[in-house]
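Data block below; observations after.
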Amino acid sequence: MPHLDPEELSLLALYDDWDDAVSRKHLEECPACASEFAALRRTVDAVKTTPDTSRLSVPGPQVWDGIHRELGLSASVREDPLAAAGHQGHLPPSATAPPSNIAPPPNTAPTSNTAPTPDIAPPVDISQARAARKGRAWWQRSGTWLVAAAAAVVVALGGIWALNRPAQPLPLAEAQLTPLASFSATGSARVVEAQDGARTLEVQLSKDEAQGYQEVWLIAPDLSRLVSLGVMNADTGTFQVPAGLELSEYPIVDVSDEPVDGNPAHSSVSIVRGTLTS
């Protein structure tokens, strides 16, 4: 069967909701494409995974300076809140606690056991902070970078896979195989050509009904000449087509039921038969 294009595999790996039922059905039936999809999917998952930040060191004061400047904070909060942890290399417990200098909501009186705070930092203008974030270009947003990086990795891997992918055989002819006499098996056959010019007949049957063993033949239209390609011990088989044999002269694919009698001739009992067409 034909394989999926590298671009289609990349899109399926990158987007879980990519609407292509035919391609996803193909992945269930084709081990080669499923393996390539799994490799691409592992790459996407690795890029999208949130990194472990539990062992990150405390950022330097220039980081807070940049945040302070970008958000337009007041001078009262200019001091780096993590400066005290900088010498120890980890975040202090107070770094994750709510700040103590947040102004209370309007018209809210302090409780009787709460002392008023003398130095209240003015509240940050949230609308200005949001406007500053919205004004950033797409390439300044970390989430966009993650998606873009994942897409770039998948596309690159898809290109590498396409370059290293072995050449697919070229279909030359195919036939539908129908049952003869008292048999009920059905099947299909096709001839493919490899890059080196070698031809192969691929046969697939719904079941094995032979009383003895199955043998595959190519037969002339008038049934006067025939060539044996070999024994098929299961319901599928692949057989080399002799070099120089013209398919137009032997277009009939025949699977016979052969007794174990040592006679190499056709038994005259055919299970299925069909004619190759290009």
Side-chain angles (χ1 to χ4, degrees), residues 1-6 8-9 22-36 161-162 164-278:
M1 65 178 69
H3 295 287
L4 295 178
D5 293 334
E8 182 66 19
L9 280 172
V22 175
S23 296
R24 294 196 182 278
K25 179 67 174 177
H26 179 86
L27 290 177
E28 298 176 359
E29 301 173 349
C30 178
C33 289
S35 177
E36 296 295 340
W161 171 70
N164 296 316
R165 186 179 187 177
Q168 299 301 306
L170 176 66
L172 297 179
E174 59 183 11
Q176 293 300 314
L177 305 179
T178 56
L180 277 73
S182 60
F183 299 101
S184 60
T186 59
S188 61
R190 71 167 188 164
V191 178
V192 296
E193 184 178 50
Q195 193 173 18
D196 61 0
R199 294 174 299 170
T200 303
L201 176 68
E202 300 173 351
V203 180
Q204 183 173 4
L205 297 183
S206 59
K207 54 185 173 180
D208 181 352
E209 291 187 302
Q211 297 299 313
Y213 62 90
Q214 300 173 128
E215 190 167 356
V216 177
W217 308 78
L218 288 178
I219 305 178
D222 59 1
L223 306 182
S224 62
R225 295 168 295 150
L226 70 167
V227 176
S228 173
L229 298 187
V231 174
M232 188 166 72
N233 294 319
D235 53 11
T236 61
T238 302
F239 308 90
Q240 292 295 320
V241 177
L245 185 144
E246 293 292 338
L247 293 177
S248 60
E249 297 180 7
Y250 296 86
I252 297 176
V253 178
D254 180 280
V255 180
S256 65
D257 181 4
E258 298 294 331
V260 185
D261 57 2
N263 186 352
H266 194 290
S267 65
S268 299
V269 179
S270 294
I271 302 172
V272 294
R273 185 177 292 175
T275 302
L276 292 167
T277 58
S278 55

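Starting from 1, each residue takes its place in the sequence as its number.
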Could you check if a side-chain atom of E249 sits within less than 4.5 angstrom of a side-chain atom of L247, using non-hydrogen atoms only?
no

Under 4.5 Å between any side-chain heavy atoms of D208 and Y213, yes or no?
no

Listed once per pair and sorted, the salt bridge (charged side-chain N to carboxylate O under 4.0 Å, His left out) pairs that draw on residues 261-270, sequence neighbours left out
none

For P242, does its backbone N or O pair with a side-chain atom of R199 as donor and acceptor, under 3.5 Å?
yes

Do I252 and L223 have side chains that get closer than 4.5 Å, going by heavy atoms?
yes

Residue pairs meeting salt bridge (charged side-chain N to carboxylate O under 4.0 Å, His left out), one or both in residues 263-274, sequence neighbours left out, come to D254-R273

Exactly one candidate in S256, S270, S228 meets side-chain hydrogen bond (donor to acceptor under 3.5 Å, both in side chains) with W217; the answer is S256

Is D257 reaching over with its side chain to a backbone N or O of Q211, donor-acceptor style, under 3.5 angstrom?
yes

Donor-acceptor contact below 3.5 Å, side chain S267 vs main chain V269:
yes

Return yes if some donor-acceptor pair links the side-chain N/O of Q204 with the main-chain N/O of G187 below 3.5 Å, else return no.
no

So T186 and T178, do their side chains get closer than 4.5 Å, heavy atoms only?
no

Heavy atoms of L276 and A173 approach each other most closely as CB-CB, 4.0 Å

Residue E209 excluded, over 12 heavy atoms near CD under 6.0 Å:
yes

With no hydrogens and no angle check, is any side-chain donor or acceptor of Q195 less than 3.5 Å from a backbone partner on P169?
no

